[in-house]
Amino acid sequence: MKVSPSLLAANFANLTPDIEKLNESDADFLHLDVMDGVFVPNISFGFPEIEAVAGICKKPMEVHMMVVQPEKWISRVKSVGAYLMNVHQEACLHLDYTVEKIKESGMKAGVTLNPATPVFMLEDIITKLDLVLLMSVNPGFGGQKFIENTLKKVRELKALIDSKGSKALIEADGGVNEDTGRRLAEAGADILVAGSYVFKSDDPLGRIKKLKSL
């Protein structure tokens with residue numbers, strides 16, 4: 001299992017210790033949630049903060065754009081050194097175009113589905129994607145309870161990927177802990193995003209290691 005700790009749950013009064021711990025950990029990525037207060041009911045952080053994080057983070061950065069018109073920010077996300085840019089299906093009027101532009105920039109392309117968005121919405125684009133993120137909570141806030149229907153969606157997405165010959169990885173974000181992580185892994189998830197479970201722990205490196213072993 002691959003693990004992508006979410007910066008949203010880190011200590012924003014002093015991010016450096018948390019990032020340095022992450023650098024020493026078994027984590028595969030760092031997950032950064034950019035929220036605009038329009039697409040989701042919250043505002044998180046912007047590009048100055050991401051640039052500061054990029055200066056000390058040794059892990060590849062996944063930038064999850066919870067914003068309207070994410071296509072406007074492709075070059076900016078690329079400029080901060082992101083490995084992957086993730087956009088919401090619900091926020092993209094022309095999803096195929098947006099995915100093409102992300103890939104043309106040299107980044108990996110991911111698409112996120114909110115809890116109420118069915119997997120079949122990606123049927124015509126799944127072969128172009130490097131990753132699909134399934135929100136297992138409603139986007140906008142950390143620390144929410146895991147939505148059980150996500151397990152069914154992971155299985156459906158896995159079947160779609162296999163049927164289309166896609167190489168897209170399946171990522172799950174929200175309410176991830178050792179128990180829900182195990183069940184997501186059994187359903188077919190490849191990457192777990194974990195915020196509170198990692199950064200609110202007394203042993204974040206141990207928590208990452210537990211998720212990696214699933």
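FYI, side chains are in, hydrogens and waters are out, and symmetry mates aren't considered; it's all heavy atoms of this structure.
- Leu205 and Leu211 fall into different hydrophobic clusters, where Ile, Leu, Val, Met, Phe, Trp and Tyr residues are linked whenever their side-chain heavy atoms come under 4.5 Å apart, directly or through other members.
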Inset, instruction - Verify side-chain contact (heavy atoms from CB on, under 4.5 Å) between Ile74 and Met85, making sure each step is shown before the conclusion. - result: CA-CA 8 Å; Ile74 293 172; Met85 180 173 173; 3.9 Å; yes

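- With no hydrogens or angles considered, no side-chain donor-acceptor pair links Thr112 and Gln89 at under 3.5 Å.
- Judged by distance alone, with hydrogens and angles left aside, the side-chain atoms of Asp18 form no donor-acceptor pair with the main-chain N or O of Ala10 at under 3.5 Å.
- You'll find the side chain of Lys108 stays beyond 4.5 Å of the side chain of Glu62, heavy atoms only.
- A continuous path of ILVMFWY side-chain contacts below 4.5 Å connects Leu214 to Leu157, so both sit in one hydrophobic cluster.
- A heavy-atom distance below 4.5 Å is found between the side chains of Leu184 and Phe146.
- Closest non-hydrogen pair, Cys57 versus Ile19, comes out as CA-CG2, 3.7 Å.
- If you take CD1 on Ile126 and CZ on Phe120, they are separated by 14.0 Å, rounding to the nearest 0.5 Å.
- Counting only heavy atoms from C-beta outward, the side chains of Lys164 and Glu123 approach each other to under 4.5 Å.
- In this structure, the separation between CD on Glu156 and CG on Leu151 is 11.0 Å, given to the nearest 0.5 Å.
- Nearest heavy atom pair, residue Val77 against residue Met107, reads CG1-SD, 3.8 Å.
- Taking 4.5 Å as the limit, every side-chain heavy atom of Asp173 sits out of range of all side-chain heavy atoms of Leu134.
- Using a 3.5 Å distance cut-off with no hydrogens or angles, the side chains of Ser6 and Asp33 do pair a donor with an acceptor.
- With hydrogens and angles ignored, the 3.5 Å screen pairs no side-chain donor or acceptor of Lys158 with any backbone N or O of Ala187.
- Using a 4.5 Å heavy-atom cutoff, the side chains of Pro5 and His31 are not in contact.
- The backbone N or O of Val38 sits less than 3.5 Å from a side-chain atom of Asp36, completing a donor-acceptor pair.
- Among all heavy-atom pairs drawn from Ile191 and Ser4, the shortest one is CG2-CB, 4.2 Å.
- Within the model, atoms OG of Ser213 and NZ of Lys210 stand 9.0 Å from one another, a figure rounded to the nearest 0.5 Å.
- The residue from Ile208, Val198, Ile56 that alone fulfils the side chain to side chain contact (heavy atoms under 4.5 Å, CB included) condition with Leu22 is Ile208.
- Lys209 has a carboxylate O that lies under 4.0 Å from a charged side-chain N of Asp26, or vice versa, which qualifies the two as a salt bridge.
- Applying the 6.0 Å contact sphere to OH of Tyr97 captures no more than 12 heavy atoms from other residues, nucleotides or ligands.
- Within 6.0 Å of NZ on Lys103 lie more than 12 heavy atoms contributed by other residues, nucleotides or ligands.
- A salt bridge links Lys128 to Asp96: at least one charged side-chain nitrogen sits closer than 4.0 Å to a carboxylate oxygen.
- To the nearest 0.5 Å, atoms OH (Tyr83) and CG (Leu30) are separated by 14.0 Å.
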Inset, instruction - List the steps, then state whether salt bridge (charged side-chain N to carboxylate O under 4.0 Å, His left out) holds for Glu71 with Lys101. - result: CA-CA 8 Å; Glu71 66 276 4; Lys101 290 300 179 182; over 6 Å; no

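- Of the charged side-chain nitrogens involved, none lies within less than 4.0 Å of a carboxylate oxygen, so that Lys21 and Glu24 do not count as a salt-bridged pair.
- The main-chain N or O of Ser166 is never found under 3.5 Å from a side-chain atom of Thr127 such that the two would form a donor-acceptor pair.
- Nearest heavy atom pair, residue Ser105 against residue Lys78, reads O-CE, 3.2 Å.
- Taking 4.0 Å as the cut-off between side-chain N and carboxylate O, Glu20 and Lys58 do not count as a salt-bridged pair.
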Legend entry - Chi angles and distances behind the side-chain contact (heavy atoms from CB on, under 4.5 Å) call for Val63, Met65: CA-CA 6 Å; Val63 178; Met65 299 296 286; 3.6 Å; yes

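- Between the Asp190 side chain and the Met1 main chain, no donor and acceptor come within less than 3.5 Å of each other.
- Proximity of Met35 to Phe45: side-chain heavy atoms (C-beta onward) are nowhere separated by under 4.5 Å.
- Of the possible polar contacts, one joining the Arg207 side chain to the Tyr197 backbone as a donor-acceptor pair under 3.5 Å is found.
- In this structure, the side chain of Glu49 engages the main chain of Gly46 through a donor-acceptor pair within 3.5 Å.
- Taking the charged nitrogens against the carboxylate oxygens, Arg182 and Glu178 have no contact shorter than 4.0 Å, which rules out a salt bridge.
- For the atom pair CG of Leu122 and CG of Leu129, the computed distance is 6.0 Å after rounding to the nearest 0.5 Å.
- A pairwise comparison of heavy atoms in Ala91 and Pro70 identifies O-CD, 3.8 Å as the closest pair.
- The shortest side-chain heavy-atom distance between Val99 and Val111 falls under the 4.5 Å cut-off.
- Counting only distance, with no hydrogens or angles, the side chain of Lys153 and the backbone of Pro118 share no donor-acceptor pair below 3.5 Å.
- With a 4.5 Å cut-off on side-chain heavy atoms, Asn138 and Ile147 count as touching.
- For the pair Val67 and Val34, the tightest heavy-atom approach, listed with the atom from each and the gap, is CG1-O, 3.5 Å.
- Met66 and Met121 end up in different hydrophobic clusters when Ile, Leu, Val, Met, Phe, Trp and Tyr side chains are linked at under 4.5 Å.
- Aromatic ring orientation, Phe47 versus Trp73: tilted (interplanar angle from 30° to 60°).
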Legend entry - Chi angles and distances behind the side chain to side chain donor-acceptor pair (under 3.5 Å) call for Arg183, Thr180: CA-CA 5 Å; Arg183 291 189 284 146; Thr180 58; 5.8 Å; no

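- Between the side chain of Thr98 and the backbone N or O of His94, at least one donor-acceptor pair lies under 3.5 Å.
- Between the side chain of Glu90 and the backbone N or O of Asn114, at least one donor-acceptor pair lies under 3.5 Å.
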Inset, instruction - Could you go through the side-chain contact (heavy atoms from CB on, under 4.5 Å) check for Phe29 and Leu84 one step at a time? - result: CA-CA 10 Å; Phe29 310 101; Leu84 179 143; over 6 Å; no

Legend entry - Trace of the side-chain contact (heavy atoms from CB on, under 4.5 Å) decision for Leu133 with Leu113: CA-CA 6 Å; Leu133 169 57; Leu113 298 181; over 6 Å; no

